[in-house]
Amino acid sequence: MHLPPPVEPMLARSVTALPSSRARLVLFGQKADGFRVRVFPGPKPYFQSRRGADLGPAFPEITQTAATLGVEAVVDAELVVWNTSRLNFTPLQHRARLRDVKAERAARKQPAHLTTGVHTGS
């Protein structure tokens with residue numbers, strides 16, 4: 001089955017306490033300081049922001065990697081940029097506006113990374 005973009009994300013919500021252990025299926029995870037994205041791998045990858053914009057031109061290192069995966073899947077992930085020992089949202093925002101040579105230069109200087117989680121139910 002082929003799933004074409006855009007795909008609406010399931011958005012997180014904040015809670016003050018975890019659900020009871022009697023809940024049938026509970027999924028939770030920490031919010032990283034980044035952009036929520038979906039990556040559609042393939043020969044011409046599509047890199048979708050939470051609002052549906054194509055972020056591929058701004059993050060060529062992620063797009064190039066997605067082109068080599070060789071699987072038909074949609075990867076739901078958080079796009080982040082490391083700054084020495086922590087995540088840094090400011091350079092990520094700056095990189096999202098870059099294109100072409102400027103985006104490639106920024107990718108070499110301060111590469112972006114994808115963080116993903118695997119959720120299984122019982």
Side-chain angles (χ1 to χ4, degrees):
M1 178 174 99
H2 179 71
L3 185 61
V7 171
E8 288 294 320
M10 181 172 56
L11 300 177
R13 60 183 171 88
S14 294
V15 296
T16 57
L18 293 177
S20 75
S21 61
R22 291 176 291 196
R24 290 186 55 103
L25 177 63
V26 178
L27 301 176
F28 60 92
Q30 183 177 355
K31 168 67 173 97
D33 199 9
F35 290 158
R36 175 85 179 273
V37 296
R38 266 124 357 261
V39 180
F40 296 78
K44 294 184 179 190
Y46 186 80
F47 193 48
Q48 179 188 324
S49 76
R50 189 178 85 182
R51 293 196 172 113
D54 182 10
L55 293 175
F59 298 94
E61 72 276 32
I62 304 293
T63 304
Q64 290 165 4
T65 300
T68 66
L69 289 178
V71 296
E72 188 169 319
V74 178
V75 180
D76 188 4
E78 191 85 7
L79 178 66
V80 296
V81 170
W82 286 95
N83 184 13
T84 59
S85 62
R86 65 181 186 87
L87 299 177
N88 193 333
F89 192 69
T90 302
L92 182 66
Q93 285 180 306
H94 174 73
R95 290 226 23 221
R97 294 187 295 266
L98 302 177
R99 299 291 183 267
D100 303 318
V101 174
K102 289 181 180 180
E104 292 170 11
R105 188 178 313 125
R108 288 189 299 274
K109 183 178 178 184
Q110 201 161 32
H113 305 275
L114 288 178
T115 63
T116 61
V118 175
H119 303 288
T120 60
S122 55

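Small disclaimer: the values here were computed from a predicted structure and weren't measured.
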Do you know which two heavy atoms are closest between [X] and [Y], and how far apart they sit?
X      : Y     : result
Leu92  : Val81 : CD1-CG2, 3.8 Å
Pro41  : Ala66 : CB-O, 3.4 Å
Pro60  : Arg95 : CD-NH2, 3.9 Å
Gly52  : Tyr46 : O-OH, 3.0 Å
Ser49  : Val37 : CA-CG1, 4.5 Å
Ala103 : Ala58 : CB-O, 3.8 Å

Once you round to the nearest 0.5 Å, how far does [atom1] of [X] lie from [atom2] of [Y]?
X      : Y      : atom1 : atom2 : result
His113 : Ile62  : NE2   : CD1   : 7.5 Å
Gln93  : Asn88  : CD    : CG    : 9.5 Å
Thr116 : Asp76  : OG1   : CG    : 9.0 Å
Glu61  : Arg108 : CD    : CZ    : 10.5 Å
Phe40  : Gln48  : CZ    : CD    : 5.0 Å
Leu87  : Thr115 : CG    : OG1   : 7.5 Å

Would Leu79 and Leu114 count as a side chain to side chain contact (heavy atoms under 4.5 Å, CB included) if you check the C-alpha gap in whole Å, the side-chain angles of each, and the deciding distance to 0.1 Å?
CA-CA 5 Å; Leu79 178 66; Leu114 288 178; 4.0 Å; yes
So with a 6.0 Å cut-off around CZ of Arg99, is the heavy-atom count from everything else above 12?
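Result for CZ/Arg99: enclosed.
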Set out, in order, the CA-CA distance, both residues' side-chain angles and the distance that settles side chain to side chain contact (heavy atoms under 4.5 Å, CB included) for Phe47 and Asp54, then state yes or no.
CA-CA 5 Å; Phe47 193 48; Asp54 182 10; 4.0 Å; yes
Mark yes or no for whether Arg50, through its side chain, and Phe35, through its backbone, hold a donor-acceptor pair below 3.5 Å.
no
Would you find a donor on one side and an acceptor on the other, under 3.5 Å apart, between the side chain of Arg38 and the backbone of Ala77?
no
